[in-house]
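Written below as structure tokens is the structure these notes are about.
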Amino acid sequence: MNLITNLKESTAASLQSLYQVTIQPDQVLVNATKPEFEGDYTIVLFAFVKQLGKSPDIVGNELGAAMQKALPGIITKYNIVKGFLNFTISNDYWLAYITNLKPNELIPAITKKRKIMVEYSSPNTNKPLHLGHLRNNFLGWSIAEILKLQGHEVVKTCIVNDRGIHICKSMIAWQLFANGATPSSTHKKGDHFVGDYYVKYNDAFKAEVAGLVSGGMSQELAEKEASIFKAAQEMLLKWEQGDTVTLDLWKKMNAWVYEGFDVTYKKIGSDFFKTYYESNTYLLGKELVEEGLAKKVFYQKEDSSVWIDLTADGLDEKIVRRKDGTSVYMTQDIGLAQLKQKEFNTDASIYVVGDEQNYHFKVLKLICQKLQQPAADGIYHLSYGMVELPTGKMKSREGTVVDADDLVDEMIAISKEKTETLGKVDDFTPTQLTELYNTIGLGALKFFLLRVDPKKKMIFNPEESIDFHGFTGPFIQYTHARIKSILRKTGTTVSLTPNELLPLEKQLAIELSSFPAVVNEAAENLDPSKIAIYTFNLAKLFNTFYAELSIANAESDVKKQLRIQLGILTAATIQKAMSVLGIAVPEQM
RNA sequence: GGUUCGGUAGCUCAGCUGGAUAGAGCGUCAUCCUUCUAAGAUGAGGGCCAUUGGUUCGAAUCCAAUCCGAAUCACCA
């Protein structure tokens, strides 16, 4: 059993037998003891003191003695300072812990396995991926891996927004301005090629509107009357009517985009078990509306449009079917939610979508619950904040975005440059070097985007390149490479039983022991940053350990073997933790 | 205006189910490579935790009000 859980339960049991009070183990607060006090773990006594009407010193002493008796061989001593009960855990406990821990069994299997869908990425086929998509992809992929590490079954999905007026805009612009150019004729990546025409559309549109406005038309009217906009609208209509010429163009241009996306996804390591296309799902939800009307969850207005009244839940009225009988975004999404649940029989469904859609998902979940859809309670919106530039928001139509491909390439180029300057990998083959540059460049980028709380918006300054020192991916990768370098020299065979433990060795053991709890926390909060922070702290601690104590030239063989074991476990924990962030750790760098 | 989310060091961020003297990284300054990889370590400096009031033995953390910022409140997706 986990030591902290053990301490909590033991505290509750001791309080019960000492004072006949019932306290839930969860209510016992166990902290790591602050370095300036003696001990390893601290129990805060104030909570019980009040209830018992005794002084903290008396409760502390009685509880401390009882705990020591209850956990023989684990608690060696205790002290009380101002209402804090500090326990010192025996070295033997930690030595046994280290000796018995297996590098491939760091995370205990959970008992309640669930089937969870994670939907992420959600690209539009009118533009290439940008920095915001990267945050989405890394978050989605990572949370899926964290849940898998815990033992859950995870289905990664992607919904591609491949239809609509915005797609028609780039199609129109291509017809008008491309002269039959293609990605291969211009040597451009397909998604970038198409994205350029989306920008061209907006330029032409703006110019046309400006012309109309200077001719005396109001801005609002000009935006509706611009011929290029009307052409896009007309195209959407043709698309919906199944016009073959339009559909062919649409298929052709989308194919270019997918070719480009594939390259990017492969590079950044995103993968999906199933991809849904909005062109296939946008009509979903029709029967659902009927069902909702029958269940009296929805109601119909005079103009025959269908609505749901959520005012009792503190929200608004929401339309679910237009008067012309077509379904809206919300209805499609409910339909898709139902489809996904049926297809995969999921217990829970996580949507990785930006926080501008918080309201949408709140409503989505509520409607699914009211319709009594299975697993409606298992809908979670992993809401993340925008990535902004120092100048403000990124806008695709204005071309002020940090492009995903460009950024990835730049990170890899920087890692190449730095690696060459340091000159530590002269024995690598060209293939190994390419792989290493990718590993480090992507590691820096992924760590940068995953180390902060997902729900907070973050600012990215393209002028300052992403760091390779300190709280970064490469720092952790470096620590791993360092450990592996030592282990290559010392070997990894451990046979002697250790018998003493220095403070730094103990600190490492304690840090290692908290990994499963960190994974749990990350999974419960859908927050990979918890793992990023933990891994950084572990690496930092190891580096201090490394600077203070020698492994290869330890004081004795027993010490050497103990430290080899600590090295093995630290490397394994770093590797595992980084792997769920999507970051590989090199053997040498 | 309603709802939701933010405001912590010069910058980027932890800490938020209340607990001991508020922590990292970057940047600045100073030390440490003839001993396991210096993408490292050690130290210094840097704070009215937005403001005010409340609850409490104890508040960055909880409550209320105020100020500042963002998102949303589409028959767009």
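Chain A is the first sequence line, chain B the second, and so forth, proteins listed ahead of strands; every chain is numbered from 1. All figures in this text were calculated on a predicted structure; none of them were measured in a lab.
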A:N543 meets the side-chain hydrogen bond (donor to acceptor under 3.5 Å, both in side chains) criterion, sequence neighbours left out, with A:T479, A:R482
Residue set satisfying salt bridge (charged side-chain N to carboxylate O under 4.0 Å, His left out) with A:K224, at least two apart, ordered chain then number -> none
Strictly under 3.5 Å: I want the nitrogen or oxygen pairs between protein and nucleotides 34-36 of chain B, one per line.
from   : atom 1 : to     : atom 2 : distance (Å)
B:rC36 : O3'    : A:K489 : NZ     : 3.0
B:rC36 : O2     : A:I551 : N      : 3.2
B:rC36 : O2     : A:A552 : N      : 2.9
B:rC36 : N3     : A:I551 : N      : 3.0
B:rC36 : N4     : A:Y546 : O      : 2.4
B:rC36 : N4     : A:L549 : O      : 2.6

Residues passing the salt bridge (charged side-chain N to carboxylate O under 4.0 Å, His left out) test with A:K455, sequence neighbours excluded, are A:D453
Expected string for nucleotides 59-65 of chain B under the B/S/- scheme (protein heavy atoms, under 4.0 Å, primed atoms plus P, OP1, OP2 as sugar-phosphate) is -------
Residues passing the salt bridge (charged side-chain N to carboxylate O under 4.0 Å, His left out) test with A:K323, sequence neighbours excluded, are none
Annotated structure of RNA chain B as dot-bracket, pair cut-off 3.5 Å, Watson-Crick or G-U only, | for inter-strand, is ((((((((.[[[[.)...(...]]]].(((((.......))))).....[[[[[..)....]]]]])))))))....
Check: protein-nucleotides 75-77 of chain B nitrogen or oxygen pairs below 3.5 Å:
from   : atom 1 : to     : atom 2 : distance (Å)
B:rC75 : O3'    : A:R322 : NE     : 3.4
B:rC75 : N4     : A:D303 : OD2    : 3.3
B:rC76 : OP2    : A:R322 : NE     : 3.3
B:rC76 : OP2    : A:R322 : NH2    : 3.4
B:rA77 : OP1    : A:R322 : NH2    : 3.3
B:rA77 : OP2    : A:Y329 : N      : 3.4
B:rA77 : O3'    : A:E278 : OE1    : 2.6
B:rA77 : O3'    : A:E278 : OE2    : 2.3
B:rA77 : O2'    : A:N161 : ND2    : 2.1

Taken in chain and number order and not counting sequence neighbours, the residues that satisfy ring pair (Phe, Tyr, Trp, His ring centres under 6.0 Å) with A:F471 are A:F447, A:F536
>> Using a distance-only criterion (donor-acceptor N/O pair, under 3.5 Å, no hydrogens), is the base of B:rA20 paired with the side chain of A:T42?
In response: yes
Taking only distance into account, with no hydrogens and no angle test, what donor-acceptor pairs under 3.5 Å do side-chain atoms of residues 545-554 of chain A form with protein atoms, sequence neighbours excluded?
from   : atom 1 : to     : atom 2 : distance (Å)
A:S550 : OG     : A:N553 : N      : 3.0

Across all chains, not counting sequence neighbours, the side-chain hydrogen bond (donor to acceptor under 3.5 Å, both in side chains) partners of A:N520 are A:Q150
Please write out each protein N/O paired with an N/O of nucleotides 22-30 of chain B under 3.5 Å, distance rounded to 0.1 Å.
from   : atom 1 : to     : atom 2 : distance (Å)
B:rG25 : O2'    : A:F471 : N      : 3.2

| P-based separation of B:rC68 from B:rC29 [nearest Å] | 39 Å
